Amino acid sequence: MRRYNPKEIEPKWQKIWEKSKIYQATEDKSKLKRYVLEYFPYPSGAAMHVGHVRNYTIGDAVARYSRMNGMNVLHPMGWDAFGLPAENYAIKTGISPQQAVTKNVENFKAQLMQMGFSYDWPREINSTDPAYYKWTQWFFLMLFERGLAYQQESLQWWCPFDKTVLANEQVENGRCWRCGNLVEKKALKQWFFKITDYADRLADDLDNVNWSEAIKAMQRNWVGRKEGINVTYKTTNAKTQQEITIFTGRPDTNFGATFVVLAPEHQLVQKVISQEIIPNSGPSHWQAVEQYVQKTLIKSEIERQEEGRLKTGVFTGLYVKNPLNDKDLPVWVSDFVLAGFGTGAVVGVPGHDMRDFEFAKQFDIPIERVVVGPDGDISPITEPEQVQETAGRMINSGPLDGLEITDAIEKMRDLMEKKNMGKRTKSYHLRDWLISRQRYWGAPIPIIHCPKDGAVPVPEDQLPVVLPEVKSYEPSGDGHSPLANVPEFVNVKCPKCGADAQRETDTMDGFACSSWYFLRFADPHNANMPFDKAKVDFWLPVDDYIGGAEHAVMHLLYARFWTKVMFDEKLIDFDEPFITLRNQGMILAPDGKKMSKSWNNTIEPDQLIKQGYGADSIRLMELFIGPWNQAAAWNVEGLGGTFRFLQRVWTIVQEYLDETKDQRSKIKDQGMGHNAELEVQIARTVHKTIKKVSQDLEELSFNTAIAALMECVNELYKIKGKHPSTKLGASNFELAYKTWKTELENLVQLLAPFAPHIAEELWAELGHKASVHISPWPQWDAQLVSEEFITLAVQVNGKVRGEIVVTADISEEEAIETAKNNEKVAKNLAGKKIKKAIYVQGRLVSLVV
RNA sequence: GGGCGGGUGGCGGAAUCGGUAUACGCGCAGCACUUAAAAUGCUGUGCCCAAAAGGCUUGAGGGUUCAAGUCCCUCCCCGCCCACCA
């Protein structure tokens with residue numbers, strides 16, 4: 001008998017699949033299309049670990065199952081290859097990023113190939129290919145023409161290690177998302193995409209997609225829309241009167257305001273420092289303010305966090321009038337107020353906001369109560385626990401007195417608008433997307449700076465602006481990319497007026513390239529357009545997008561933004577790119593930690609394959625380890641279990657083939673090999689499994705589908721040796737050889753989405769010429785699946801006391817009667833009167849005494 | 001502080017609508033095969049009890065119900081994301 005040897009069969013089928021083109025998609029309108037996509041990976045020189053591979057295994061199972069169900073499946077793969085790792089590698093080794101990427105792509109492709117994923121490889125794309133980034137640049141210009149790409153000088157996050165600016169989304173806990181070093185603020189002129197114009201749509205349209213609540217919530221929080229009111233306060237003691245507009249979501253408490261705080265970056269603060277506005281009463285404060293602001297702005301985010309909630313600040317000398325009660329409020333500066341949210345100014349209500357309370361305590365500012373506390377408490381607020389933030393009734397608040405907070409908010413907004421004190425508005429957490437990078441390895445921004453015409457787009461016929469070869473990739477840290485040192489690149493003529501001009505030397509954030517790649521897959525080699533609209537409209541939106549949750553507020557937000565812009569530009573007919581998003585759970589190392597090089601705890605399929613397990617066992621384990629969307633620690637010994645299971649499938653098919661080989665013709669000729677009872681038993685076992693696996697796959701319940709396959713195989717092992725007409729120790733294949741063949745074929749088909757190589761090999765051995773992966777998914781026979789007899793549990797007073805086996809169509813009365821007569825049940829009923837009897841169809845009988 | 005998940009044997013996990021808790025796999029134990037081991041096959045395996053009978057068991061406590069892992073209330077713990085967002 002042939003032994004199961006993955007090393008022998010897996011590479012063989014991988015080659016055959018590549019030649020046979022069975023995974024290549026065409027725009028065949030006769031079939032239902034399904035676009036299954038996994039986030040295109042960043043190719044590195046390293047080995048993938050089992051966590052990366054889970055992502056592709058899930059996608060491949062969905063793709064293969066859909067294909068066998070007659071769908072027209074698009075399942076492409078490509079490379080997101082711009083970015084720092086290749087560039088840092090170049091700096092270290094002198095090997096150009098272009099060369100490194102070529103090698104890394106080879107490395108990654110080989111690893112995906114050896115896992116046997118069903119990708120449409122001719123559609124392979126690479127974001128660093130000029131033929132691709134030509135269109136990334138084209139989209140940049142489209143955004144520019146629509147006023148959605150603009151340049152602005154402002155304070156930005158700067159990573160001193162990677163020597164580049166970063167977008168808000170790419171700063172995590174005050175650290176660079178790539179290298180983990182502390183970031184700083186730096187004033188630089190930068191390119192932005194105006195994603196804030198789409199804030200409302202990005203938040204609202206989440207209602208139309210089938211994503212997990214977790215990711216939707218993350219995006220909604222990131223957009224951070226908050227309704228409030230902008231209230232205008234006027235200075236009372238400045239030489240020239242100034243206005244401060246303050247955003248507040250809680251105008252209800254404003255009778256209790258005792259101060260106003262400005263962010264250090266607030267423009268009025270600058271006016272104080274420059275002495276443009278000087279209070280005409282009291283000492284001058286501008287020097288103290290200047291000192292404070294200087295100290296604050298150079299603080300890193302981490303330093304701020306280390307200070308904890310300890311409030312710092314300084315009084316400006318200015319006062320404003322509270323329009324509600326004409327009280328004078330001192331104006332302070334403090335870094336607990338963020339320049340980027342609302343208007344960069346807050347009104348301090350220390351009795352009813354914890355931060356304001358802490359600030360008032362710190363600087364001995366009065367605290368007033370305008371909200372009644374629990375149990376009617378109206379004592380002065382002196383301790384943090386007494387601060388009333390969310391519940392209560394208003395007092396000391398003129399027209400609001402007696403109202404609950406929620407009613408008071410609305411009434412106050414109405415009042416303020418009516419009296420012209422303020423205007424309802426919304427504020428957002430979302431900032432514009434900073435896309436320029438002062439690094440080499442990215443798509444050049446296609447802009448030429450002319451002294452006369454300003455920023456001028458590179459004409460479309462001159463795209464792509466090709467990234468030139470350079471001698472040194474080292475970023476200078478002076479706010480310019482290495483491209484600034486390439487005169488042939490920089491010095492050009494203005495496309496508008498022909499005067500001497502200079503090219504933009506910053507490159508685009510890699511997330512620009514990944515914001516449209518899923519569209520390019522529909523038409524990957526189009527040289528004249530980013531894509532043909534008809535093709536994109538055929539395949540898109542993506543039906544199943546499978547990836548990790550780490551992209552929640554980066555890629556997934558950016559891609560939605562680009563899609564909406566393209567929709568507005570009428571390039572496409574849909575405005576959400578990913579209908580269903582599936583976030584796979586992370587595979588942790590066996591020690592329960594995240595897998596990483598630095599922990600030295602990665603587990604790599606490459607190694608496991610070399611050890612002889614084979615891709616199929618690994619794929620099976622990736623799915624069997626637990627629900628696909630839940631994290632799980634890799635189980636080293638468990639892999640032996642999935643291997644063993646495949647070996648059992650292999651063995652039973654081989655035994656069948658071996659044992660029926662010689663007799664087959666004889667059996668056929670003589671009409672032998674017929675045992676009806678045995679046939680039903682075999683067919684019933686497999687058809688139950690067809691039903692279970694099919695239903696589980698509809699819900700992506702891979703782990704239970706695989707469990708069902710294991711049960712089925714265990715059952716078939718018993719059947720082949722245990723049937724009464726079987727001799728001890730022998731198999732009974734020849735007694736039902738046709739049924740055995742049909743059902744083993746069904747079993748192999750059910751296994752195909754998970755373990756494609758062994759399925760293909762056994763399918764071929766069972767006599768099929770065409771691939772199992774384009775065979776139609778088996779259908780279960782309803783009659784075979786239905787049970788003739790069922791087992792009912794019998795409860796007495798809620799406790800299970802016995803079991804009865806009855807015909808499936810038993811009536812309620814009969815079931816209850818049978819239950820009562822059960823020996824064990826009768827014992828428990830002895831001498832008692834049955835008060836109530838319940839029959840749950842097909843489940844149990846419950847008797848109450 | 002806010003949002004989202006989750007807590008079931010020694011371990012990963014299973015359990016449509018509230019209906020026999022612990023499927024399947026790992027691990028462990030035993031048996032067969034073998035000179036032996038590995039591999040393979042078979043059997044057993046939630047806890048208490050020598051066994052049977054019986055009792056107990058889904059993070060803790062309470063409630064609803066003939067019946068609760070599942071529903072309701074109070075609380076504890078773990079993970080992820082965001083966080084001085086006015």
Side-chain angles (χ1 to χ4, degrees), chain A residues 3 172-173 212-222 224-226 228 246-251 253 261 263 304-305 307-311 334-338 340-349 353-356 358-359 389 427-429 549-550 552-553 583 585-586 588 590 592 620-621 624-627 629-642 644-645 647-648 651 695 699 701 703-712 714 717-718 721 729 791-803 835-849:
Chain A
R3 285 191 54 129
E172 297 170 345
N173 291 322
S212 74
E213 277 312 310
I215 301 287
K216 285 194 198 181
M218 277 187 222
Q219 289 215 349
R220 280 197 197 98
N221 288 343
W222 193 259
R225 177 171 53 195
K226 178 127 188 181
I246 297 179
F247 176 82
T248 173
R250 293 292 304 278
T253 60
V261 193
R304 285 196 190 193
Q305 278 175 22
E307 281 175 3
R309 297 181 71 91
L310 184 71
K311 298 287 184 287
S334 173
D335 65 0
F336 88 83
V337 177
L338 306 174
F341 189 78
T343 58
V346 304
V347 56
V349 186
D353 181 285
M354 194 52 79
R355 292 152 308 183
D356 296 350
E358 286 161 356
F359 192 77
E389 286 189 304
S427 192
Y428 301 85
H429 174 216
E550 71 272 13
V553 293
N583 299 111
M586 203 188 307
L588 306 168
L620 218 49
M621 193 59 204
F624 183 62
I625 198 164
N629 54 358
Q630 223 168 275
W634 187 258
N635 183 346
V636 179
E637 282 161 331
L639 186 61
T642 55
R644 230 174 341 263
F645 162 67
Q647 195 169 247
R648 280 163 71 80
T651 301
Q695 288 177 346
E699 302 162 15
S701 185
N703 55 332
T704 55
I706 293 167
L709 286 168
M710 289 173 167
E711 270 181 277
C712 177
N714 291 346
Y717 263 72
K718 282 181 192 157
T791 306
L792 298 178
V794 185
Q795 296 184 342
V796 179
N797 283 349
K799 287 198 171 162
V800 179
R801 297 296 181 185
E803 268 179 9
K835 289 185 203 140
K836 201 173 173 184
I838 298 153
Y839 172 56
V840 181
Q841 173 82 48
R843 293 278 183 183
L844 55 69
V845 175
S846 184
L847 304 171
V848 188
V849 293

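Nothing here was measured: the structure is a model prediction, and the numbers come from that model. Here is the naming used below: chain letters follow the sequence lines, and residue numbers restart at 1 for every chain.
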Problem set entry | Base of B:rC84 paired with side chain of A:Lys311 (donor-acceptor, under 3.5 Å) | yes
Seminar exercise, completed: Against the side chain of A:Trp222, the closest entry in B:rC82, B:rG25, B:rG19 is B:rC82
Problem set entry | Pairing residues for A:Thr704 by the side chain to side chain contact (heavy atoms under 4.5 Å, CB included) criterion, not counting sequence neighbours | A:Lys692, A:Asp696, A:Ser701
Problem set entry | Non-neighbouring partners of A:Arg220 that pass salt bridge (charged side-chain N to carboxylate O under 4.0 Å, His left out), sequence neighbours left out | A:Asp207
Exercise. Contact class for A:Gly342 (heavy atom, under 4.0 Å): base, sugar-phosphate, or nothing?
Worked result: nothing
Exercise. Which pair of non-hydrogen atoms, one from A:Ile246 and one from A:Thr343, has the smallest distance, and what is that distance?
Worked result: CA-OG1, 3.4 Å
For this session: With heavy atoms under 4.0 Å as the rule, sort A:Thr791 into base, sugar-phosphate or nothing.
Result: base
Exercise. Going from CD1 on A:Ile706 to CZ on A:Phe624, what distance comes out if it is rounded to the nearest 0.5 angstrom?
Worked result: 7.0 Å
For this session: Apply side-chain contact (heavy atoms from CB on, under 4.5 Å) to the pair A:Phe336 and A:Glu358, showing each step before the final yes or no.
Result: CA-CA 11 Å; A:Phe336 88 83; A:Glu358 286 161 356; over 6 Å; no
Problem set entry | For A:Arg225, salt bridge (charged side-chain N to carboxylate O under 4.0 Å, His left out) partners two or more places apart | A:Asp200, A:Asp204
Exercise. Are OP1 or OP2 of B:rC42 and a side-chain N or O of A:Arg648 less than 4.0 angstrom apart?
Worked result: yes
Exercise. How far apart are the C-alpha atoms of A:Thr253 and A:Asp353, what are their side-chain angles, what is the distance that settles it, and do they pass the side-chain contact (heavy atoms from CB on, under 4.5 Å) test?
Worked result: CA-CA 9 Å; A:Thr253 60; A:Asp353 181 285; over 6 Å; no
For this session: Using the C1' atom on both, measure B:rC33 against B:rC78 and round to a whole Å.
Result: 48 Å
Exercise. Rounding to a whole Å, what distance do you find between A:Phe336:CZ and B:rC84:P?
Worked result: 12 Å
Exercise. Does any N or O in the side chain of A:Gln795 come within less than 3.5 Å of the main-chain N or O of A:Leu844, such that one atom is a donor and the other an acceptor?
Worked result: no
Exercise. If you look at every strand shown and take non-hydrogen atoms under 4.0 Å, does A:Glu803 touch a base, only sugar-phosphate, or nothing?
Worked result: base
Problem set entry | Along RNA chain B (nearest heavy atom to each residue), the more 5'-positioned of A:Ile706 and A:Gly249 | A:Ile706
Exercise. Say you pick atom P in B:rA23 and the same atom in B:rA14; how far apart are they, in whole Å?
Worked result: 13 Å
For this session: Determine the minimum heavy-atom distance between A:Trp222 and A:His429, stating which atoms define it.
Result: O-ND1, 3.1 Å
Problem set entry | Sugar-phosphate, base or nothing in reach of A:Val848, heavy atoms under 4.0 Å | sugar-phosphate
Problem set entry | Structure string for RNA chain B in dot-bracket form, Watson-Crick and G-U at under 3.5 Å, | interchain | (((((((..(((......[....)))((((((.......))))))(((.....)))..(((((..]....))))))))))))....
For this session: Determine the Euclidean distance between corresponding C1' atoms of B:rG25 and B:rA36; express it in Å to zero decimal places.
Result: 30 Å
Problem set entry | Donor-acceptor contact below 3.5 Å, side chain A:Arg250 vs main chain A:Glu389 | yes
Problem set entry | Point-to-point distance, once rounded to the nearest 0.5 Å, from CG of A:Asn797 to NZ of A:Lys836 | 11.5 Å
For this session: Tell me what A:Gly224 touches on the nucleic acid: a base, only sugar-phosphate, or nothing, going by heavy atoms under 4.0 Å.
Result: nothing
Exercise. Which atom pair, heavy atoms only, marks the closest approach of A:Leu338 to A:Ala263?
Worked result: C-CB, 4.0 Å
Exercise. Once you round it to whole Å, what is the distance between C1' of B:rC80 and CD1 of A:Ile215?
Worked result: 10 Å
Exercise. With sugar-phosphate meaning primed atoms plus P, OP1 and OP2, does A:Ser846 contact a base, only sugar-phosphate, or nothing at under 4.0 Å between heavy atoms?
Worked result: base
For this session: Just label B:rC17 as syn or anti from its O4'-C1'-N9-C4 or O4'-C1'-N1-C2 angle, using within 90° of 0 for syn.
Result: syn
Exercise. A:Gln795 has a side chain; which of B:rA39, B:rG41, B:rU20 sits nearest to it?
Worked result: B:rU20
Exercise. For B:rC56, does either OP1 or OP2 sit under 4.0 Å from a side-chain N or O belonging to A:Lys799?
Worked result: yes
Seminar exercise, completed: Among the nucleotides B:rC84, B:rG2, B:rC42, whichever has the atom closest to the side chain of A:Asn221 is B:rG2
For this session: Using the P atom as the reference point in each nucleotide, state the distance between B:rC47 and B:rC42 in Å, no decimals.
Result: 23 Å
Problem set entry | Short side-chain N/O contact from A:Asn714 to OP1 or OP2 of B:rG25, under 4.0 Å | yes
Seminar exercise, completed: In 5'-to-3' order, the base (B), backbone-only (S) or no-contact (-) status of each nucleotide in nucleotides 5-16 of chain B, using a 4.0 angstrom heavy-atom cut-off, is -------BSS-B
Problem set entry | Syn-anti status, with the boundary at 90° from 0, for the nucleotide B:rG9 | syn
Exercise. A:Phe341 has an atom CZ; how far is it from atom P of B:rA83, in whole Å?
Worked result: 13 Å
Exercise. Expressed as a whole number of Å, how far does the C1' atom of B:rA53 sit from that of B:rU35?
Worked result: 46 Å
Exercise. Looking at CD of A:Glu711 and CG of A:Asn714, how far apart are the two atoms once the value is rounded to the nearest 0.5 Å?
Worked result: 7.5 Å
Exercise. A:Arg250 near the nucleic acid: base, sugar-phosphate alone, or nothing, with a heavy-atom cut-off under 4.0 Å?
Worked result: sugar-phosphate
Exercise. With rounding to whole Å, what would you report as the distance between B:rG3 and B:rC56 at their P atoms?
Worked result: 40 Å
For this session: Under 4.0 Å between any heavy atoms, over every strand shown, what does A:Arg225 touch: base, sugar-phosphate, or nothing? Just pick one.
Result: nothing
For this session: Rounded off to whole Å, could you give me the CG-to-P distance for the A:Asn629 and B:rC81 pair?
Result: 17 Å
For this session: Might you point out which heavy atoms bring A:Ala552 and A:Gln219 nearest each other, and give the distance in Å?
Result: O-NE2, 2.8 Å
For this session: Take atom C1' in B:rA15 and the same atom in B:rA83, then report the distance between them in whole Å.
Result: 38 Å
For this session: Answer yes or no for A:Lys311 and A:Phe359: cation-pi contact, defined as NZ/CZ to six-membered ring centre under 6.0 Å and angle to ring axis within 45°.
Result: no
For this session: Send over the distance from A:Phe645 CZ to B:rU40 P, rounded to a whole Å.
Result: 15 Å
Problem set entry | Distance in angstrom units between A:Tyr717 OH and B:rC42 P, rounded | 8 Å
Problem set entry | A:Asn583 CG to B:rG3 P, straight-line distance once rounded to whole Å | 20 Å
Problem set entry | Whole-Å gap separating P (B:rC4) and CD (A:Gln219) | 16 Å
Problem set entry | B:rC81 versus B:rU65 - spacing of their C1' atoms, nearest Å | 39 Å
Exercise. OP1 or OP2 of B:rC26 sitting under 4.0 Å from any side-chain N/O of A:Arg644?
Worked result: yes
Short heteroatom pairs, N/O only, protein and nucleotides 28-34 of chain B, under 3.5 Å:
none

